[in-house]
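What follows is a short report on a single structure.
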Amino acid sequence: MAKKSPADSRKYSRLVVDGVKQTPSRAMLRAVGFTDADFDRPQVGIASTWSNLTPCNMHIDGLARLAAGGVESRAAKAITFNTITVSDGISMGTPGMRYSLVSREVIADSIETVVGAQGFDGLVAIGGCDKNMPGCLIAIARLDRPAVFVYGGTILPGADRRDIVSVFEAVGGYSQGTVSEQQLKFIERTAIPGPGSCAGMYTANTMASAIEAMGMSLPNSSAQDAVSAQKRDDCARAGAAVVELVESGLRPRQIMTRKAFENAITVVIALGGSTNAVLHLLAIASAARVKLSLDDFTRIGRRVPVLADLRPSGRYSMSELVAIGGIQPLMKTLLDAGLLHGDCLTVTGRTLAQNLHAVGSYPAQQPIVRPLADPIKKDSHLVVLYGNLAPEGAVAKITGKEGLGFSGRARVFDSEEAALQGILGGKVRAGDVVVIRYEGPKGGPGMREMLSPTGALMGKGLGAEVALITDGRFSGGSHGFVVGHLSPEAAVGGPIALIKTGDLISIDAGRREITLHVSTSELARRRKAWAPPKPYARRGVLAKYAKSVTSASFGAVTDAE
């Protein structure tokens, strides 16, 4: 990469620290450790999502220090700052989960605020839990200053290869009587062994993989154990890499092109990734000013197969994928098959094809990633549905194990709590279509994840016997015949608000349709009788979010033009 002049490399920081006028700024910075030489160096912010409230982020402070060391090894100045995180796994099934998707916007806003206010020339952002990653990428796209994203890494499996989803499903098993109190306590104590993000191809590992495929993290960053020499090295190299980007002037929006988003979607599909990737990639694309829609997932999904046998629908954990080479050999396979755009630039300063040039194949006979000629599913598991229940779209996760269709009578619940109580209390029976509504971006507010209800269904042995639809969303750990993101949502009068218990609902993944079998005249009658619910919050962050957030079909962003 061609280097810029020192003044150009300090495009933003020089406005803060150069000249007589900025003497007060320099005086303040001397107190936090700046020397005379530091004022002549590019400044790089290290956005750390460290917190000891969740395993996903408990180690990130140390990773941030390594990234700062990488920056300073290249004669630039590193300044570390924190942003928030909340834990989906801890808040799941509680009112606190309303803050999860909201936190994505708070993270993005806070990183943008600090970098913009302080005049950093570049940025390294380090994320762990689910919303950290899209939050960081939204901020990076808005700022459009040289940046590298670093993933905090995946957790190791617990006892008997268990993980957090094992715990949620054990709760349903306990309710059903197939898991004893002693077994439940053992699972609780041993499923989460230490630092790192949840172990399957859940949302964190899905988004880390998507970001690497997009070119915004270094090769292999998405597929490293949180506690490993490889992850520590990744952080140091990211710090050095961002200085090279500052010197060359390569900016995120030159990397985060439409083709790059198509690469991200392709890799998410091949890995069998989380439905949350749809929501987050739409939001990141909006921030990057790239046109991306639900229909792009359908278009790409028609030609991209599911190849990785990863949890929750599959058998293996992310750490087991790491052990055979991570996602790089998979990406090389997809590139060689013409399914990736190899000419996309990446944060290495090279193209994706150049990064993958020397990548080899997976070990022979490994069972985790199937060959293109023998896929798990020949097309995408992320199925966008339309119909009279979802005029603006809905997103299903259909791996093929659930079948391609489901028809049943509605069992309606107006909140996640009511649904979980109904499932555990035996109100849901085989053949039902469980409807959970008023959980959308505005109605929740915050579009809670439904891992507690889906985990309970699995634990009670109903996973293959019922379907579940919602205007909320699903954890990457959810599996079964589930459909989320129904839009318009119930809180704004979407058709899901008009369903009554006993109505016939059919879901046809092959035809990509979701249908409420109620006459148009009856729906019109119900609509006249419908009234919007009272807002959950009238003041504070949830109220502000509910007023500004868009439909899930547009990424649930809060700054739409």
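Salt bridge annotation for R41-E72: absent, with no cationic side-chain nitrogen under 4.0 angstrom from a carboxylate oxygen. Salt bridge absent: R303 and D379 never bring a charged side-chain N and a carboxylate O closer than 4.0 Å. The pair D296-K291 fails the salt-bridge criterion, with no side-chain N (NZ, NE, NH1 or NH2) lying under 4.0 Å from an Asp/Glu carboxylate O. In this structure, R299 does not pair ionically with D295, as no charged nitrogen and carboxylate oxygen lie closer than 4.0 Å. In this structure, D121 does not pair ionically with R14, as no charged nitrogen and carboxylate oxygen lie closer than 4.0 Å. Under 4.0 Å is where a charged nitrogen must lie from a carboxylate oxygen, and between R142 and D559 at least one such pair does.
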Go through Q230 and V322 one step at a time and tell me if the side-chain contact (heavy atoms from CB on, under 4.5 Å) criterion holds.
-> CA-CA 11 Å; Q230 291 78 15; V322 169; over 6 Å; no

Does the side-chain contact (heavy atoms from CB on, under 4.5 Å) test come out yes or no for W50 and I126, once each step is laid out?
-> CA-CA 9 Å; W50 173 82; I126 309 174; over 6 Å; no

Mind running side chain to side chain donor-acceptor pair (under 3.5 Å) on Y202 and N276 for me, showing each step along the way?
-> CA-CA 9 Å; Y202 310 146; N276 278 320; over 6 Å; no

Using the side-chain contact (heavy atoms from CB on, under 4.5 Å) rule, take M97 and D88 through it: C-alpha gap first, then chi angles, then the decisive distance, then the call.
-> CA-CA 7 Å; M97 187 63 192; D88 291 3; 3.9 Å; yes

Could you check V44 against F120 for side-chain contact (heavy atoms from CB on, under 4.5 Å), going step by step and ending with a plain yes or no?
-> CA-CA 5 Å; V44 175; F120 296 148; over 6 Å; no

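By the 6.0 Å contact criterion, OH on Y316 is enclosed, its count of non-hydrogen atoms from other residues, nucleotides or ligands being greater than 12. Within 6.0 Å of CZ on R237 lie more than 12 heavy atoms contributed by other residues, nucleotides or ligands.
Residues S9 and Q43 are not in side-chain contact: their nearest non-hydrogen atoms beyond the backbone lie 4.5 Å or more apart. A heavy-atom distance below 4.5 Å is not found between the side chains of H485 and S553. A 4.5 Å side-chain heavy-atom check between I368 and Y362 finds every atom pair outside the cut-off. Residues V278 and L382 have side chains in contact (heavy-atom distance under 4.5 Å, counting atoms from C-beta outward). Side-chain contact between V115 and F81 is present, with at least one heavy-atom pair separated by less than 4.5 Å. Under the 4.5 Å side-chain criterion, counting only non-hydrogen atoms from C-beta, V17 is in contact with R10. Within the 4.5 Å cutoff, side-chain heavy atoms of R311 are placed close to those of S317. Taking 4.5 Å as the limit, every side-chain heavy atom of L218 sits out of range of all side-chain heavy atoms of E212.
Contact detail for G273 and T206: the closest heavy-atom pair is CA-OG1, 3.4 Å. Taking each heavy atom of S319 and D225 in turn, the nearest pair found is CB-OD1, 3.4 Å. Contact record, R104 with P134: CD-CB, 3.8 Å, taken as the closest heavy-atom pair. A pairwise comparison of heavy atoms in S48 and A64 identifies CB-CB, 3.9 Å as the closest pair. The minimum heavy-atom distance linking A47 with L123 is given by the pair CB-CD1, 4.0 Å. Nearest approach of V243 to V71, heavy atoms of both residues: CG2-O, 3.8 Å.
Under the side-chain contact (heavy atoms from CB on, under 4.5 Å) test applied with L334, the options I269, L340, I327 reduce to a single match, L340.
Proximity of a side-chain donor or acceptor of T54 to a complementary backbone N or O of S87 within less than 3.5 Å is not detected. Checked by atom type and distance alone, the side chain of S217 never pairs as donor or acceptor with a backbone atom of S221 at under 3.5 Å. Although no hydrogens or angles enter the test, the distance criterion places a donor-acceptor pair under 3.5 Å between the side chain of D309 and the main chain of R315. Without hydrogens or angle criteria, E449 side chain to L451 main chain gives no donor-acceptor distance under 3.5 Å. No donor-acceptor distance shorter than 3.5 angstrom exists from the side chain of Y545 to the backbone of S103, with no hydrogens or angles considered. N132 contributes a side-chain N or O that, together with a main-chain N or O of C129, makes up a donor-acceptor pair within less than 3.5 Å. Between the T333 side chain and the P329 main chain, a donor and an acceptor come within less than 3.5 Å of each other. At least one donor-acceptor pair closer than 3.5 Å links the side chain of K231 to the backbone N or O of Y151. D234 contributes no side-chain N or O that, together with a main-chain N or O of V150, makes up a donor-acceptor pair within less than 3.5 Å. In this structure, the side chain of E112 does not engage the main chain of D109 through any donor-acceptor pair within 3.5 Å.
Rounded to the nearest 0.5 angstrom, E320 CD and T154 OG1 are separated by 10.5 Å. Residue L352 holds its CG atom at 9.0 Å from CG of D343, rounded to the nearest 0.5 Å. Atom OG1 of T83 sits about 5.5 Å away from atom CD1 of I107, to the nearest 0.5 Å. The CG atom of L29 sits 11.0 Å away from atom OG1 of T35, with the distance rounded to the nearest 0.5 Å. Going from atom CE of M458 over to atom NE2 of H479 covers 4.0 Å, rounded to the nearest 0.5 Å. Between the CG atom in L271 and the OG atom in S222 there is a gap of 8.0 Å [rounded to 0.5 Å].
For the 3.5 Å distance criterion, the side chains of R473 and S478 fail to qualify, holding no donor opposite an acceptor. Side-chain N/O atoms of T348 and N355 include a donor and acceptor closer than 3.5 Å.
Both tests hold for K77 against F34: distance to the six-membered ring centre under 6.0 Å, angle to the ring axis within 45°. Judged by the 6.0 Å and 45° rule, R145 forms a cation-pi pair with Y12.
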